[in-house]
Amino acid sequence: MSVKQLDSLDKIVSLSKARGFIFQSSEIYGGLSAVYDYGPLGVELKRNIRDAWWKAMTQTHDNIVGVDAAIFMHPKVWEASGHVEGFNDPMIDDKQSKKRYRADMLIEQHIQKLRDKGKSDKADELQQKLDTTGTRKGLCEDLYDIIMEEEIKAPESGAFDWTEVRQFNLMFKTHYGATSKDDDDAIYLRPETAQGIFVNYKNVLDTARVQIPFGIAQVGKAFRNEVVARQFVFRMREFEQMEMQYFVQPGEDEKSYEEWLNTRLEWFKSLGIREENLRVAPHPDDKLAHYARAAADIQFNFPIGWQEVEGIHNRTDFDLSRHQEYSGKKMEYFDQKEQKRYIPYVVETSIGLDRCTLMALCDAYREEEVDGDSRTVLKLHPKLAPTKVGIFPLVKKPELKELAFKIEKNLKEDFTVLYDESGSIGKRYRRQDEAGTPFCITVDFDGLEDNTVTIRYRDDMEQERVSVDKLDTVIRNRMKSWKSE
RNA sequence: GCGGGCGUAGCUCAAUUGGUAGAGCGUCACCCUUCCAAGGUGAAUGUUGUCGGUUCGAGUCCGAUCGCCCGCUCCA
């Protein structure tokens, strides 16, 4: 049997639409860029992943609790977090090479060049100008003026043919209050869920009887006005994060960071993601986010290449210190054991739920040759499968239907099930293969005599004859012992 | 956002120099069918992405706009 591997996202996009996993948002109006909706199967798959994460983080750790913070937050939160500043890149395009640069970086490079040439007076003067951008006409205009005055050329093409400097604010802004019009009432849609945890850190500490080290977990939507949002649900403007912030004593952060990196990697394997498609990629120091001391990606081998699904960050005491500074509220923790007071360090695990869903689909997708026929199958971990059990009468005869209905009624208490009597039996199996349904039960005439049915397994298409009363046990055992291949 | 490519039924694609929009698959209904998609009959589905222009006549030519794909940048 030959198995074809996935070489582009197209097949996943097609399958997602055809089977009802994922649709483009507002499709009947021509679609909305980089926004997607989950259909009947997609919502189940996504929820199963979310539930697995929540269980792994909170239920199996007695020192991790959950919160569900609002998307709207006080605007000061984003000043404190550094997003107002750091998420605000002034960009300029070289019309010749079509390359885009950060305007302030261009000027800094130019200053460095001047220094290398020994023109430090000129360099200092420029640095002074760069430091005071925004005080003359405006941030973009001031940067543009410097580039024009100094005739800074594009690094790659050597051309001096720039567009204007434009600002790419990655945060969505909206107005708070029905009558508000001006920017005084501007409020942001959160660009990450983490801040909802930090601002509730004291509340949790005061109410949940937790002691350091402890964690706070949260699942929720975040919004980023990405310059380039593409590649299906991989990079969306509205997306869902599953984040956990782990608060530790300073000095314990590096050890905790290593532990969480490992714990999180194991979680992916527990979802049945094949090990060869997973890897850890540490961030080089010069590419760290403004809040991080150390960071690593857990990457998955997507058809579009190795890409980040989860980030583990050592955020130090950056966030809590900043919130202490901006809010004027003490963020210190009094450690009874150590008899000392400190602002905890934070290790963050941050995973994209939509990316994770896409990963599950990509990892599970197979096209197999079976006796000259092709079969498309999603070999999802049974616990992630949108439908667990398909139930069919072999043919549309009343006596077979009767037993099938009875089995459906019994199993639907514990599993998501689907009854189907249309088309040939083979066709019904294949339909469920595409949906990733791991088990199909078929009621035949033999079984009416001794109260047995056949159960057919998605992965190898093997069948077993099972007593009707043992069905739930068999399914449960199979789900537990399932391994990816 | 900028540059390039693309846009016809749910999907894959046809449609002669500009001259009546079609097929296969899928979906649905009925029939047939005792275990791996391709048996029979029938049905639904399109302002050819959208808007405008040229023309007697536009899926086809022109313009704008929207969306998708690839690259530049950033991240979950």
Side-chain angles (χ1 to χ4, degrees), chain A residues 8-10 13-15 17-20 23-35 86-87 89 91-102 105 156 163-164 166-168 170 191-194 221-236 239-243 283 287 289 295 297-299 304 307-313 348-356 358-359 370-376 392-397 400 422-434 440 442-448 453-454 456 458 461-463 465:
Chain A
S8 89
L9 272 181
D10 294 353
V13 176
S14 302
L15 181 75
K17 188 177 181 191
R19 292 274 92 131
F23 307 117
Q24 190 176 18
S25 163
S26 317
E27 202 182 63
I28 60 168
Y29 289 102
L32 183 62
S33 172
V35 185
F87 254 43
D89 298 339
M91 308 295 284
I92 190 165
D93 292 353
D94 171 19
K95 290 183 195 165
Q96 303 270 309
S97 65
K98 310 295 179 200
K99 297 270 187 207
R100 166 166 299 161
Y101 302 93
R102 265 182 60 176
M105 302 292 275
E156 282 185 45
T163 62
E164 284 170 33
R166 280 163 308 184
Q167 224 165 353
F168 289 79
L170 299 188
E192 64 172 18
T193 55
K221 288 280 180 86
F223 305 83
R224 290 183 195 170
N225 230 334
E226 294 288 347
V227 179
V228 173
R230 235 172 245 166
Q231 272 146 348
F232 201 38
V233 296
F234 184 78
R235 189 177 280 103
M236 298 196 289
F239 61 104
E240 197 159 350
Q241 292 185 308
M242 304 192 290
E243 297 198 303
H283 287 199
K287 292 203 80 178
D297 296 341
I298 294 178
Q299 298 184 332
I304 50 174
Q307 299 283 349
E308 173 178 9
V309 178
E310 174 156 5
I312 317 294
H313 298 254
E348 167 187 87
T349 72
S350 175
I351 175 169
L353 176 51
D354 309 279
R355 285 185 180 185
C356 198
L358 182 62
M359 171 189 71
V370 183
D371 301 329
D373 267 345
S374 76
R375 167 172 101 121
T376 302
F392 319 135
L394 183 57
V395 291
K396 242 184 274 183
K397 288 281 193 283
L400 296 183
S422 87
S424 74
I425 190 70
K427 197 171 204 165
R428 282 176 271 166
Y429 285 147
R430 298 297 172 88
R431 264 203 284 259
Q432 292 310 308
D433 287 342
E434 282 196 3
C440 287
T442 299
V443 179
D444 60 16
F445 289 100
D446 295 347
L448 290 182
V453 290
T454 58
R456 178 260 196 190
R458 174 198 66 196
M461 298 184 287
E462 295 294 312
Q463 285 178 286
R465 186 159 281 278

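All of these numbers come straight from a predicted model, not from anything done at the bench. Sequence lines set the chain letters: A, B, ... in the order given, protein chains first and strands last, and positions in each chain run from 1.
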For the residue pair A:T376 and A:R19, confirm or rule out a side-chain donor-acceptor distance under 3.5 Å. no
Pairs under 3.5 angstrom, nitrogen or oxygen only, protein versus nucleotides 10-12 of chain B, please.
| unit_1 | atom_1 | unit_2 | atom_2 | d |
| --- | --- | --- | --- | --- |
| B:G10 | O3' | A:K17 | NZ | 3.1 |
| B:C11 | OP1 | A:K17 | NZ | 2.9 |

Using the P atom in both, what is the distance from B:C70 to B:U12, to the nearest Å? 16 Å
Measure CZ/A:R224 against P/B:U73 and give the value in whole Å, please. 18 Å
Just the rounded figure in Å: distance from P of B:G7 to CD of A:Q24. 17 Å
Pairwise P distance, B:C56 and B:A14 [rounded to whole Å]: 31 Å
Please write out the pairs of protein N or O atoms and N or O atoms of nucleotides 44-46 of chain B separated by less than 3.5 Å, giving the distance to one decimal.
none

Evaluate A:Q299 against A:Q307 for side chain to side chain contact (heavy atoms under 4.5 Å, CB included), listing each step before the verdict. CA-CA 5 Å; A:Q299 298 184 332; A:Q307 299 283 349; 6.0 Å; no
Without swapping roles, check the side chain of A:R456 against the backbone of A:C440 for a donor-acceptor pair under 3.5 Å. no
So, for A:I351 and A:C356, which heavy atoms are closest and what is the spacing to 0.1 Å? CD1-SG, 3.9 Å
Under the side chain to side chain contact (heavy atoms under 4.5 Å, CB included) rule, what do A:R224 and A:E192 come out as? Steps first, then yes or no, please. CA-CA 8 Å; A:R224 290 183 195 170; A:E192 64 172 18; 4.0 Å; yes
Does A:R428 use its side chain to pair, donor to acceptor, with the backbone of A:L394 at less than 3.5 Å? yes
Using atom C1' of each nucleotide, how far apart are B:G3 and B:U73 to the nearest Å? 14 Å
Is there a donor-acceptor contact under 3.5 Å from the side chain of A:E243 to the main chain of A:A194? yes
Using only atom types and a distance under 3.5 Å, with no angle test, would you say the side chain of A:Q241 pairs donor to acceptor with the backbone of A:T193? yes
May I ask you to say what A:E434 touches in the nucleic acid, namely base, sugar-phosphate or nothing, with a heavy-atom cut-off under 4.0 Å? base
Rounded distance in Å between the C1' positions of B:C61 and B:U48: 15 Å
With rounding to the nearest 0.5 angstrom, report the CG to CG distance, A:L448 to A:L400. 5.5 Å
Under a 3.5 Å cut-off for both distances, is B:A21 Watson-Crick or wobble paired, and to whom? none
Opposite nucleotide pairing with B:G39, Watson-Crick or G-U, both atom distances under 3.5 Å: B:C31
Whole angstrom value for the distance that separates C1' of B:C74 from CZ of A:R235: 7 Å
Euclidean distance, A:D446 CG relative to A:T454 OG1, rounded to 0.5 Å: 9.5 Å
If you measure from the P atom in B:C62 to the same atom in B:G7, how many Å do you get, rounded? 13 Å
When rounded to the nearest Å, what value does the distance between C1' atoms of B:G53 and B:G18 take? 15 Å
Say we look at B:U17 and B:C6: how far apart would their C1' atoms be, to the nearest angstrom? 25 Å
Could you check how far CG of A:D354 sits from C1' of B:C75, rounded to whole Å? 14 Å
Could you grab the distance from atom CZ of A:R431 to atom OG of A:S422, nearest 0.5 Å is fine? 4.0 Å
Between A:F232 and A:M236, the two heavy atoms sitting closest are O-CG, 4.0 Å
Could you give the CG-to-C1' distance, from A:L15 to B:G26, as a whole number of Å? 13 Å
Distance, rounded to the nearest Å, where A:Q432 contributes CD and B:C36 contributes P: 17 Å
Scanning all shown strands, the Watson-Crick or wobble mate of B:C72 with both distances under 3.5 Å is B:G1
Under a 3.5 Å limit for both distances, which nucleotide forms a Watson-Crick or G-U wobble pair with B:C51, could you say? B:G63
I'd like a table of atom pairs between the protein and nucleotides 29-35 of chain B - only N or O on both sides, under 3.5 Å - with the distance next to each one.
| unit_1 | atom_1 | unit_2 | atom_2 | d |
| --- | --- | --- | --- | --- |
| B:U33 | O4 | A:K396 | N | 3.4 |
| B:C35 | O2 | A:Y429 | OH | 2.6 |
| B:C35 | O2 | A:Q463 | NE2 | 2.5 |
| B:C35 | N3 | A:Y429 | OH | 3.4 |
| B:C35 | N3 | A:T454 | OG1 | 3.0 |
| B:C35 | N3 | A:Q463 | NE2 | 3.0 |
| B:C35 | N4 | A:D444 | OD2 | 3.1 |
| B:C35 | N4 | A:T454 | OG1 | 2.8 |

Between A:L353 (CG) and B:A76 (C1'), how many Å, whole number? 10 Å
Rounded to the nearest angstrom, tell me the gap between atom CZ in A:F392 and atom C1' in B:C36. 11 Å
Using modelled atom types only, decide if a donor and an acceptor are shared between the side chain of A:R355 and the backbone of A:F234 within a distance under 3.5 Å. yes
With P as the reference atom in both, quote the distance from B:C51 to B:U60 in angstrom, rounded to an integer. 13 Å
